[in-house]
Amino acid sequence: MARNPVWKKAQEMQAQLKRDAVLAEAAALFNVKGYHATSLTEVADRLMFTKTAIYYYVKNKNDLLYHTYVRSLNEIDQATLDAESKGENGLDKLCQYVLSKAFVHPEASALLNEIDAIEDPKRRAELRKRLRGANERIADWIEAGIEDGSIAPCDPYLAGRFVMGAFNWMPRWIESSGKSIEEVTDYFVSLIRKTLAPDHSQTA
């Protein structure tokens, strides 16, 4: 007897939700403790899973790290699309990117210092290529902002690294400040605007 397609879809959705939870918890632990100091047992304990259950979703800890990166980069790609469609100028696109609802789990977006831990050279190269593209888009928005007047003259590459570096620390800011994701994100965006926008008071 064929399986009910509605039931099958429900099972697939449930499995995806559990997999998402595994990736989010792993990303949170990797960010706080570092990849090498985190065990699969700790990830399983946070989720009240057995360690064996984790192997249903990933092959091993290094495979888990890789998939947290892929998930993060997928969020980055969607946030880029959101920024392009909603941003009115270079500075606004940069801010819309940070505010994008694509970043469902900010922990997953802050693993950028762990790429060297990816053991498979092809996987490592793939992630570096996608990350490089994301950094280049940030620099492009800053360069466009300088041209349209929304951003003060600066080095687009270094300014982009400044923004992304600070963005990658947001999960730790959220954890240590006791504030909500929304509060920290809104404050961070206000700092981006104040830091990069031209000082019109000097020309008034």
Side-chain angles (χ1 to χ4, degrees), residues 1-82 98-131 134 164-185 188:
M1 182 177 179
R3 182 179 296 179
N4 186 308
V6 175
W7 177 249
K8 181 180 180 182
K9 184 176 182 180
Q11 286 185 313
E12 291 172 350
M13 291 176 63
Q14 183 69 15
Q16 185 60 49
L17 287 173
K18 288 183 178 180
R19 184 176 184 276
D20 285 346
V22 169
L23 296 181
E25 288 298 333
L29 282 169
F30 291 155
N31 277 313
V32 173
K33 299 186 62 176
Y35 169 74
H36 294 289
T38 300
S39 69
L40 285 182
T41 300
E42 289 176 285
V43 176
D45 288 346
R46 287 271 292 259
L47 293 162
M48 292 186 288
F49 283 6
T50 64
K51 184 178 177 180
T52 303
I54 297 292
Y55 289 113
Y56 178 79
Y57 303 101
V58 295
K59 297 176 182 178
N60 51 47
K61 189 173 78 165
N62 206 255
D63 189 47
L64 177 58
L65 178 64
Y66 168 74
H67 285 292
T68 60
Y69 264 115
V70 170
R71 187 170 184 273
S72 174
L73 288 164
N74 288 342
E75 290 181 358
I76 285 173
D77 288 345
Q78 183 57 54
T80 299
L81 294 174
D82 291 344
V98 175
L99 291 168
S100 173
K101 298 301 182 184
F103 296 120
V104 178
H105 299 284
E107 295 89 354
S109 302
L111 294 167
L112 306 185
N113 61 341
E114 295 280 10
I115 284 183
D116 287 340
I118 300 293
E119 295 168 358
D120 186 325
K122 291 183 178 179
R123 283 185 163 187
R124 195 164 58 243
E126 168 208 333
L127 296 177
R128 286 193 181 283
K129 182 179 180 180
R130 291 185 66 183
L131 178 59
M164 290 304 294
F167 180 67
N168 293 334
W169 275 88
M170 282 181 60
R172 296 188 186 185
W173 295 349
I174 293 166
E175 181 183 5
S176 63
S177 70
K179 297 183 181 296
S180 68
I181 293 173
E182 291 77 14
E183 288 176 310
V184 172
T185 303
F188 179 48

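What you see is a predicted model, and the numbers here were worked out from it, not measured in a lab.
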A.B. asks: Can you measure from OG (Ser72) to NE2 (His67) and round to the nearest 0.5 angstrom?
C.D. replies: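 Interatomic distance, Ser72 OG to His67 NE2, rounded to 0.5 Å: 14.0 Å.
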A.B. asks: Please report the interatomic distance CG(Leu73) to CG(Leu131), rounded to the nearest 0.5 Å.
C.D. replies: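 Going from the CG atom of Leu73 to the CG atom of Leu131 covers 6.5 Å.
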A.B. asks: Check Ala28 against Arg46 and note the closest heavy-atom contact, atom names and distance.
C.D. replies: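 Residues Ala28 and Arg46, closest heavy atoms: CB-NH2, 3.9 Å.
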A.B. asks: Is Lys51 paired with Asp45 through a side-chain N to carboxylate O contact shorter than 4.0 Å?
C.D. replies: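 Not counted as a salt bridge, because no side-chain N and carboxylate O are separated by less than 4.0 Å.
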A.B. asks: Considering residues at least two apart in sequence or located in another chain, which fulfil the ring pair (Phe, Tyr, Trp, His ring centres under 6.0 Å) criterion with Phe188?
C.D. replies: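 By the ring pair (Phe, Tyr, Trp, His ring centres under 6.0 Å) rule, Phe188 matches Trp173.
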A.B. asks: Taking the side chain as C-beta and beyond, is there a heavy-atom pair between Asp82 and Lys101 under 4.5 Å?
C.D. replies: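 Side chain of Asp82 against side chain of Lys101, heavy atoms only: no contact under 4.5 Å found.
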A.B. asks: Check Ala37 against Glu42 and note the closest heavy-atom contact, atom names and distance.
C.D. replies: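 Reported closest heavy-atom pair: O-OE1, 3.5 Å.
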A.B. asks: Which distance, rounded to the nearest 0.5 Å, do you find between the OG1 of Thr68 and the CG of Leu29?
C.D. replies: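 Separation between the atoms: 11.0 Å.
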A.B. asks: What closest approach, in Å, do Ser100 and Ala79 show between heavy atoms, and which atom pair accounts for it?
C.D. replies: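 What the structure gives for the nearest pair is OG-CA, 3.4 Å.
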A.B. asks: Is it the case that the side chain of Thr80 and the backbone of Ile76 share a donor-acceptor pair, with hydrogens and angles ignored and the cut-off at 3.5 Å?
C.D. replies: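 Yes, Thr80 side chain to Ile76 backbone: donor-acceptor pair under 3.5 Å.
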A.B. asks: So, is the end of the Lys18 side chain (NZ or CZ) under 6.0 Å from the ring centre of Tyr57 and within 45° of the ring's axis?
C.D. replies: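 No, Lys18 does not lie over the aromatic ring of Tyr57.
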A.B. asks: Report the C-alpha distance between Val70 and Leu23 in whole Å, list the side-chain angles of each, state the deciding distance to 0.1 Å, and finish with yes or no for side chain to side chain contact (heavy atoms under 4.5 Å, CB included).
C.D. replies: CA-CA 10 Å; Val70 170; Leu23 296 181; over 6 Å; no
A.B. asks: If we only count heavy atoms from C-beta on, is the Val58 to Ile54 side-chain gap below 4.5 Å?
C.D. replies: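 Val58 reaches Ile54 side chain to side chain.
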A.B. asks: Answer yes if the side chains of Gln78 and Asn74 hold a donor-acceptor pair under 3.5 Å, and no otherwise.
C.D. replies: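 Asn74 and Gln78 do not have a side-chain donor-acceptor pair below 3.5 Å.
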A.B. asks: Of the non-hydrogen atoms in Glu114 and Gly34, which two are nearest, and what is the gap between them?
C.D. replies: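 So the two residues come closest at OE2-CA, 3.5 Å.
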A.B. asks: Is a donor from one side chain sitting under 3.5 angstrom from an acceptor on the other, for Tyr35 and Asn62?
C.D. replies: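 A donor-acceptor contact under 3.5 Å links the two side chains.
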A.B. asks: I'd like to know if the side chain of Glu25 reaches the main chain of Leu47, judged simply by a donor and an acceptor atom lying under 3.5 Å from each other, with no hydrogens or angles considered.
C.D. replies: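 It does not hold such a pair.
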A.B. asks: Test side chain to side chain contact (heavy atoms under 4.5 Å, CB included) on Tyr55 and Leu40 and set out the steps.
C.D. replies: CA-CA 9 Å; Tyr55 289 113; Leu40 285 182; 3.6 Å; yes
A.B. asks: Before accepting this row, confirm whether a basic side-chain N of the pair Lys122/Glu126 lies closer than 4.0 Å to the acidic partner's carboxylate O.
C.D. replies: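 Not counted as a salt bridge, because no side-chain N and carboxylate O are separated by less than 4.0 Å.
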A.B. asks: Is there a donor-acceptor pair closer than 3.5 Å between any side-chain N or O of Thr185 and the backbone N or O of Glu182?
C.D. replies: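 Judged by distance alone, no pair lies under 3.5 Å.
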A.B. asks: Is there a side-chain contact between Arg71 and Asp20 in this structure, where contact means two heavy atoms from C-beta onward sitting under 4.5 Å apart?
C.D. replies: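 In contact.
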A.B. asks: Answer yes or no on whether Arg123 is positioned over the face of Tyr66, meaning its NZ or CZ is under 6.0 Å from the six-membered ring centre and within 45° of the axis.
C.D. replies: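 Yes, Arg123 sits over the ring of Tyr66.
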A.B. asks: Does the distance from a Lys or Arg side-chain N to an Asp or Glu carboxylate O, for Glu119 and Arg124, drop under 4.0 Å?
C.D. replies: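 Not counted as a salt bridge, because no side-chain N and carboxylate O are separated by less than 4.0 Å.
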